[in-house]
Amino acid sequence: MSKPLLQRNTRYLLLWLPVVLLGCTLLFFFLMRMQAHHMQQEQLFLKQENIWNAFKSKSGNIDNHISGEYDIIQSANNGSIEFNEPRDTVIYYPDKQKSLPFKILTSELHWNNKTYQVTTYVSSTEIKHLIIKVFLGEALLFVLLLVAIVILNRRSSRLLWKPFFSTMKKVNEYDITRTQSLTLQSKTGTTEFDELNTVITNLINKVKAAYFNQKQFVENASHEIQTPLSIIRSKLELLINQPHLTEKNASLLGDITDATNRLSQMNKTLLLLSKIENNQFPETEAVNISKMVERILNNLTIYYDNFPQVESEIQENLILNANHSLAEILISNIIKNAIEHNQSNGKIIIHLSPSHLLIKNTGPSLQTNAELLFERFRKDSHQTKTTGLGLALVKQICTLYNYLVTYKYHDGWHQIEIVFQQQTA
Amino acid sequence: MKLLVIEDEPSLLQSIMEYFIQIDFLCEGVTTYSNAIQKIDDYTYDCIILDINLPDGSGFELLKYLREYKKDEGVVIISARNSLDDKITGLNFGADDYVTKPFHLSELNARIKALIRRKYAHGSNILEAGNLQMDLAARTVTCENQILALTKNEFNLLLFLVNNKNRVVSKQAIAEHIYGDETDNMPSFDFVYSHIKNLKRKLKEKGCEDIVQTVYGLGYKLAI
């Protein structure tokens, strides 16, 4: 599962930074304690030196014992004490009614051929308190540091990734079918993003060139095909006017004429498709779509002997802002489609409301994938005479005007719905 | 009637000329801009068929040249470009009509006939073919002095056949002539058949029997 980079980064920091900081804290604690012990040892030796000097200068006439400060005992080594190593002990203070911890150090010293054991005392309480306080302070600092790092990281990431998100937004909004150009920031201040923008710009330019070439090809091909088609058509017209035409020849000519006609239709439609793609129908006007639907329906009844039964519910005087000929092509194509793909004694239902146009017709279910229906040259296997471009044209016009066109098949009914989005007046 | 055909594709030029020679036009054909200018300078024509894309110049330039020198030949443009802009440019430059490739010769003929009638008939709107009389202004047809009650489409169909009399006109040409772009992406032209059937019936009722003939499955012919 992928998560935003910022979140992942924060998560990573939150997972590992405390571990590192905890490790550092522990290390710091041990180092400080070691230092404190070393300091205590130094203190103990210094104290011992001072006392011993005082003892020697006063020829032993000082107090041999001051609680919590020092002990001087004349004795031989009994081996139970380790000399010159600090040890822990506690001294009971009756007035405070508690035992306090001390560090002590015992050394064997010689004076006037006598052996003395000199023990010096240093209180551990203060140093322990100091260690705890410093440790707590340090822990607090580390927590603050953690928070600060996370916040700074998030802030800086957000700032640093800004060009990336701006690029992404632009690329996302880029539509190659509309002939706009994509301009990405060339100086973002970050080398990687500069490179990214350059790479994307180059890629888009290549794609644009390929797309343009393809479009150009279709358009050029359609243009170029028109002349040979004209020649074929004209020769056919001369041929059918030849005297002594036999029935066999006439039937052959009829087939050629039909095929030429289909080719011409296809060519015309392809040219129209590329023109719509190239935005060559810029002029729009208020089109009374209700009247248009009714007129087209009426006109089409002339063409078909077994015209399906029509049930229509058309809201009057609906106005769409569109190119008149494109609107006409759009509507006549879906209605023709509903007639062509109907069954004998079939039905057509037409609903027109301000938000949508719904055309349903009876007919056998599709043999091909419904999703491909709006693509060029897609047609159901049993239809051989149509060009397979009618619905592609519908789709192209819908795309141009941001209408949503969908196809459904349910219970023996084909249904094509066009949703006009905020286009109705 | 004298006709100049300017078309750079020799094969198409030859077809057009053959078609119009068959219906008794005097035809001359050129394939280049410079030859066309020469012809226009030297002779006068009733009508010019002009292709826009010529190897050594544009048909629009030729139109300009024609109109600058006050030649008022009727001009029908034939062009591979089916764009509204070209149509408007052509008509602005003084063309009288515009046909898009691939066109039917019968359609081109009908346009030329209509153009010649507009330009040279001087008020006469009556078209006669055999014992048929078509009043183009009133849009009425009489056969043996009896008025035929024709629908708008039937009238246009008959006019198209009369303009192409004694020629076989294909179903496709009829469909496109009468219904124009509405026939786009139509898989069959059976509706032409029912129109013809109705027209034949109405003609028969008024005694103009058998002038519209069916030529196998190809098309129809008005035989006078």
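Every value quoted in this text rests on a predicted model; they were computed, and no experiment measured them. Protein chains get the first letters and strands the later ones, always in sequence-line order, with residue 1 at the start of each.
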Looking at [X], I'd like to know if its [atom1] atom is crowded, meaning that more than 12 non-hydrogen atoms belonging to other residues, nucleotides or ligands lie closer than 6.0 Å.
| X | atom1 | result |
| --- | --- | --- |
| A:Glu247 | CD | no |
| B:Lys119 | NZ | yes |
| A:Tyr409 | OH | yes |
| B:Phe155 | CZ | yes |
| B:Ile147 | CD1 | no |
| B:Lys2 | NZ | yes |
| B:Asn92 | CG | yes |
| B:Lys200 | NZ | yes |

Next on the checklist: Only pairs of heavy atoms separated by less than 4.5 Å count here; which of B:His104, B:Gln22, B:Lys221 has the most with chain A?
Outcome noted: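 Option with the greatest count: B:His104.
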Checklist entry - So which of B:Glu9, B:Arg167, B:His195 has the largest heavy-atom pair count under 4.5 angstrom toward chain A? => result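 That would be B:Arg167.
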At what distance, to the nearest 0.5 angstrom, does [atom1] of [X] lie from [atom2] of [Y]?
| X | Y | atom1 | atom2 | answer |
| --- | --- | --- | --- | --- |
| B:Leu218 | A:Leu252 | CG | CG | 10.0 Å |
| B:Ile23 | A:Asn241 | CD1 | CG | 9.5 Å |
| B:Leu12 | A:Ile232 | CG | CD1 | 11.0 Å |
| A:Ser234 | B:Glu7 | OG | CD | 9.0 Å |
| B:Ser170 | A:Asn261 | OG | CG | 7.5 Å |

Item to check | Heavy-atom proximity to chain B below 4.5 Å, by part of A:Thr246 | outcome: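 Backbone of A:Thr246 only, per the 4.5 Å heavy-atom cut-off to chain B.
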Checklist entry - chain B heavy atoms under 4.5 Å from A:Ser251: which part of the residue, side chain, backbone, both or neither? => result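 Answer is neither: A:Ser251 stays 4.5 Å or more from chain B.
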Item to check | For chain B, the option from A:Gly254, A:Ser230, A:Ala250 that forms the most heavy-atom pairs under 4.5 Å | outcome: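 Sorted descending by pairs with chain B, the first entry is A:Ser230.
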Next on the checklist: For chain B, which candidate among A:Leu300, A:Ile225, A:Ile339, A:Asn299 shows the most heavy-atom pairs at distances under 4.5 Å?
Outcome noted: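 So the answer, after comparing A:Leu300, A:Ile225, A:Ile339, A:Asn299, is A:Asn299.
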Item to check | Any donor-acceptor pair under 3.5 Å from B:Tyr216 side chain to A:Leu245 backbone | outcome: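 Yes; at least one donor-acceptor contact below 3.5 Å.
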Checklist entry - How far apart are the C-alpha atoms of B:Gln172 and A:Asp258, what are their side-chain angles, what is the distance that settles it, and do they pass the side-chain contact (heavy atoms from CB on, under 4.5 Å) test? => result CA-CA 8 Å; B:Gln172 289 82 2; A:Asp258 277 342; 2.9 Å; yes
Item to check | Chi angles and distances behind the salt bridge (charged side-chain N to carboxylate O under 4.0 Å, His left out) call for B:Glu176, A:Lys268 | outcome: CA-CA 13 Å; B:Glu176 273 181 43; A:Lys268 208 168 158 185; 5.1 Å; no
Checklist entry - Side chain, backbone, both or neither: which part of B:Asp51 has a non-hydrogen atom closer than 4.5 Å to chain A? => result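 Contact with chain A involves no heavy atom of B:Asp51 at all.
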Could you tell me which non-hydrogen atom of [X] sits nearest to which non-hydrogen atom of [Y], and how far apart they are?
| X | Y | result |
| --- | --- | --- |
| A:Glu237 | B:Phe103 | OE1-O, 4.5 Å |
| B:Ser15 | A:Leu238 | CA-CD1, 3.7 Å |
| A:Gln226 | B:Lys101 | NE2-O, 3.4 Å |

